[in-house]
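We count ligands from 1, going down the list as the structure has it; atoms in each ligand are counted the same way.
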Amino acid sequence: MLGIYGGTFDPIHYGHLRTALEVKEHLRLEQLRFLPCRLPPHRGLPGAMPQQRLRMLELALEGAGPGYALDRREFDREGPSYMVDTLISLREEIQDLPLCLIVGVDAFYQLPSWHRWRELFDLAHIAVMHRPGMPEPDWSGELGQQLRERWVEDGESLRESPGGKIHFLAVTQLAISATGIRRLIHAGGNPRYLLPDPVLAMIQEWGLYRS
Ligand code: ATP
């Protein structure tokens, strides 16, 4: 099974890397691909240029091993980066292989605001990285209905079909966010140990996030 970990990665940090490892082991993914979006549809412009975010990801994944990869397909496309288009293009490549989209629980609650969100289930499973103690949303809407129809307790069962199921898994919570790192740098602080050293070296060399 292939896992897709999407995000802005502005910059990539240990919160991403640790959860990616845990999800990969839990779901026994053959490969986990980090998929940076070029133009996030839901938020303001990233602080670093697309090519700089890509380079930071490359640096973070150096030596991570063959089970991790970087997928650049959203950078080759014009316009906003819609996940549904991304998964359609991935499907052409992998045919019927089980595919799992990995999202944080906060992103999952926002799913009905994603472009053509219902089609995502035709294309992939969704693995939700759960944050224990996080307030539950109102499940009376359509997302709740989708969840009731598609939820599976056992991650192994995702391997039995190309997509269409929803699985929750708990991951270690590291209170690290890219926003926090950008703010820290802006305020003149040192973000060391929140992200890989080669990524930090590049941020310092290029003077990223200072203004
Ligand atoms: P920002 O602070 O700029 O919003 P972020 O740190 O949340 O960025 P994104 O690139 O937006 O990072 O996130 C990509 C994915 O990584 C999302 O699904 C998000 O839930 C998850 N994620 C980010 N930080 C963590 C963390 N510390 N622990 C677990 N998951 C995380």
Side-chain angles (χ1 to χ4, degrees), residues 3-27 29 32-61 64 68-72 74-75 80-84 86-87 99-114 117 120 124-137 143 166-187 189 191-196 199-200 203 208-211:
I4 291 293
Y5 196 117
T8 314
F9 305 113
D10 186 27
I12 182 155
H13 53 69
Y14 283 132
H16 301 127
L17 291 163
R18 177 65 210 172
T19 47
L21 185 150
E22 290 184 16
V23 174
K24 186 171 178 296
E25 289 194 337
H26 175 87
L27 296 177
L29 299 174
L32 181 144
R33 289 195 200 171
F34 288 90
L35 194 142
C37 61
R38 192 175 65 90
L39 260 189
H42 289 285
R43 46 188 282 167
L45 279 181
M49 305 291 285
Q51 291 307 326
Q52 293 170 328
R53 288 186 288 120
L54 261 187
R55 183 67 194 134
M56 288 190 279
L57 270 162
E58 275 173 1
L59 290 169
L61 295 180
Y68 297 90
L70 181 54
D71 193 310
R72 300 154 195 267
E74 292 198 346
F75 282 71
S81 309
Y82 292 125
M83 185 52 81
V84 64
T86 301
L87 294 184
L99 174 64
C100 189
L101 179 63
I102 302 156
V103 296
V105 73
D106 37 347
F108 180 70
Y109 294 165
Q110 299 300 317
L111 207 66
S113 69
W114 291 23
W117 70 282
L120 297 173
H125 301 300
I126 298 192
V128 185
M129 300 184 285
H130 191 45
R131 189 170 296 191
M134 175 104 181
E136 295 264 319
L143 185 63
I166 301 172
H167 174 67
F168 277 66
L169 67 155
V171 290
T172 304
Q173 294 306 309
L174 297 171
I176 305 174
S177 72
T179 306
I181 291 174
R182 293 194 302 272
R183 284 199 187 127
L184 187 62
I185 296 170
H186 182 68
R192 192 159 185 216
Y193 308 127
L194 298 176
L195 72 181
V199 177
L200 177 56
I203 290 173
L208 298 178
Y209 309 123
R210 282 208 205 129
S211 55

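A donor-acceptor pair under 3.5 Å is absent between the side-chain atoms of D71 and the main chain of L35, judged by distance alone. A donor-acceptor pair under 3.5 Å is formed between the side chain of H186 and the backbone N or O of R210. Under a 3.5 Å cut-off, the side chain of E25 and the backbone N or O of V23 do not form any donor-acceptor pair. A side-chain donor-acceptor contact under 3.5 Å links R53 to the backbone of R38.
Distances below 4.0 Å separate heavy atoms of R182 from the following atoms of ligand 1: 3 (O). Close contacts of ligand 1 with T19, meaning ligand atoms under 4.0 Å from a residue heavy atom, involve 28 (N), 29 (C), 30 (N). Close approach to G7 involves these atoms of ligand 1, each under 4.0 Å from a residue heavy atom: 10 (O), 14 (C). Close approach of ligand 1 to F9 (heavy-atom distance below 4.0 Å) involves ligand atoms 10 (O). The atoms of ligand 1 that sit less than 4.0 Å from any heavy atom of D106 are 20 (O).
Contacts between T179 and ligand 1 below 4.0 angstrom, taking non-hydrogen atoms only, involve backbone and side chain alike. With a 4.0 Å cut-off on non-hydrogen atoms, S177 touches ligand 1 through its backbone as well as its side chain. Here I102 has no heavy atoms under 4.0 Å from ligand 1, in either its backbone or its side chain.
In this structure, L200 and P191 have side chains that are in contact, with non-hydrogen atoms separated by less than 4.5 Å. Side chains of L57 and V199 form no contact here, defined as non-hydrogen atoms less than 4.5 Å apart. Put simply, the side chain of K24 does not reach to within 4.5 Å of the side chain of Y5, judged on heavy atoms. Side-chain contact between I185 and L208 is absent, with no heavy-atom pair separated by less than 4.5 Å. You'll find the side chain of P36 reaches within 4.5 Å of the side chain of L70, heavy atoms only.
Aromatic ring orientation, H16 versus F9: perpendicular (interplanar angle above 60°, classes split at 30° and 60°).
The shortest N or O to N or O distance between I176 and ligand 1 is under 3.5 Å. Considering backbone and side-chain N/O of G180, none are found under 3.5 Å from N/O of ligand 1. For ligand 1, the polar-atom distance check finds an N/O of H16 within less than 3.5 Å of one of the ligand's N/O atoms. At a 3.5 angstrom cut-off on N or O pairs, G104 counts as close to ligand 1. The shortest N or O to N or O distance between A178 and ligand 1 is below 3.5 Å. For ligand 1, none of its N or O atoms has an N or O atom of T172 under 3.5 Å away. For a threshold of 3.5 Å applied to N or O pairs, the pair formed by H13 and ligand 1 contains at least one separation below that value.
With atom 28 (N) of ligand 1 as the reference point, the heavy atom nearest to it among A107, C37, G15 is part of G15.
At least one heavy atom of G6 lies less than 4.0 angstrom from ligand 1. At a 4.0 Å cut-off, at least one heavy atom of L174 sits close enough to ligand 1 to count as contact. For the ligand labelled ligand 1, residue Y5 lies inside the 4.0 Å heavy-atom shell. For Q173, the closest heavy-atom approach to ligand 1 does not fall below 4.0 Å.
Note that the CZ atom of R33 and the CG atom of L99 stand 9.0 Å from one another [nearest 0.5 Å]. In this structure, CG on L195 lies 5.0 Å from CD1 on I181, to the nearest 0.5 angstrom.
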